[in-house]
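Structure first, commentary second.
Since the model is a prediction, treat every value here as computed from it, not as a measurement.
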Amino acid sequence: MSTTVQLTPAQEAWLEAQVAAGRLPSIDDAVRSAVADLMTIANDDLAWAKPYVDQARASVARGDVTNGELVLARLRERIAHLKST
């Protein structure tokens, strides 16, 4: 089966430059690789991430983390104090 893909001039120029630089074997290989990556992403149920999410939630429950807004507020206060001295 043969499929025609139309790229923008910028995409085609970028791919040609990558091939010329030896970063990609060919434009066809680049497109096949990109489609394979998209297929993997589309079929990923993210089950691999569950342990990381569970660990983060446990850290929050234990109080091991600090609210980002609170950290930024403290930094702003410290900067203001340093500037005033």
Side-chain angles (χ1 to χ4, degrees):
M1 180 168 113
S2 178
T3 302
T4 301
V5 176
Q6 292 186 353
L7 302 171
T8 67
Q11 291 169 329
E12 189 170 354
W14 184 85
L15 284 168
E16 288 171 351
Q18 299 306 303
V19 171
R23 292 186 196 99
L24 297 171
S26 71
I27 291 176
D28 288 338
D29 285 333
V31 172
R32 278 192 291 273
S33 178
V35 170
D37 288 348
L38 289 170
M39 290 171 68
T40 298
I41 291 167
N43 294 325
D44 190 354
D45 66 359
L46 300 176
W48 59 269
K50 186 177 181 334
Y52 298 107
V53 172
D54 291 344
Q55 183 180 15
R57 287 181 174 155
S59 292
V60 170
R62 287 190 308 267
D64 293 344
V65 295
T66 301
N67 177 293
E69 289 301 319
L70 178 59
V71 170
L72 291 175
R74 288 178 182 162
L75 288 171
R76 286 186 196 105
E77 288 173 9
R78 180 74 177 137
I79 291 169
H81 173 74
L82 291 171
K83 285 183 177 180
S84 69
T85 56

Residues 36-47 side chain polar contacts: donor-acceptor under 3.5 Å, at least two apart:
unit_1	atom_1	unit_2	atom_2	d
Thr40	OG1	Ala36	O	3.0
Asn43	ND2	Met39	O	3.0
Asp44	OD1	Leu46	N	2.8
Asp44	OD1	Trp48	NE1	3.4
Asp44	OD2	Trp48	NE1	2.9
Asp45	OD1	Ala47	N	2.9

Members sharing Val65's hydrophobic cluster, built from side-chain contacts under 4.5 Å between Ile, Leu, Val, Met, Phe, Trp and Tyr, are Val60
Distance col, row Arg57:CZ vs Lys50:NZ, nearest 0.5 angstrom, shows 7.5 Å
Those residues at least two apart in sequence (or on a different chain) that pass side-chain contact (heavy atoms from CB on, under 4.5 Å) with Ala30 are Leu15, Leu24
Taken in chain and number order and not counting sequence neighbours, the residues that satisfy salt bridge (charged side-chain N to carboxylate O under 4.0 Å, His left out) with Asp28 are none
Enumerate donor-acceptor pairs with a distance under 3.5 Å from any side-chain N or O in residues 68-78 to protein atoms, sequence neighbours excluded.
none

Apart from Ile79 itself, members of its ILVMFWY cluster (side-chain separation under 4.5 Å) are none
One should read off an interatomic distance between Gln18 CD and Asp29 CG, to the nearest 0.5 angstrom, of 14.0 Å
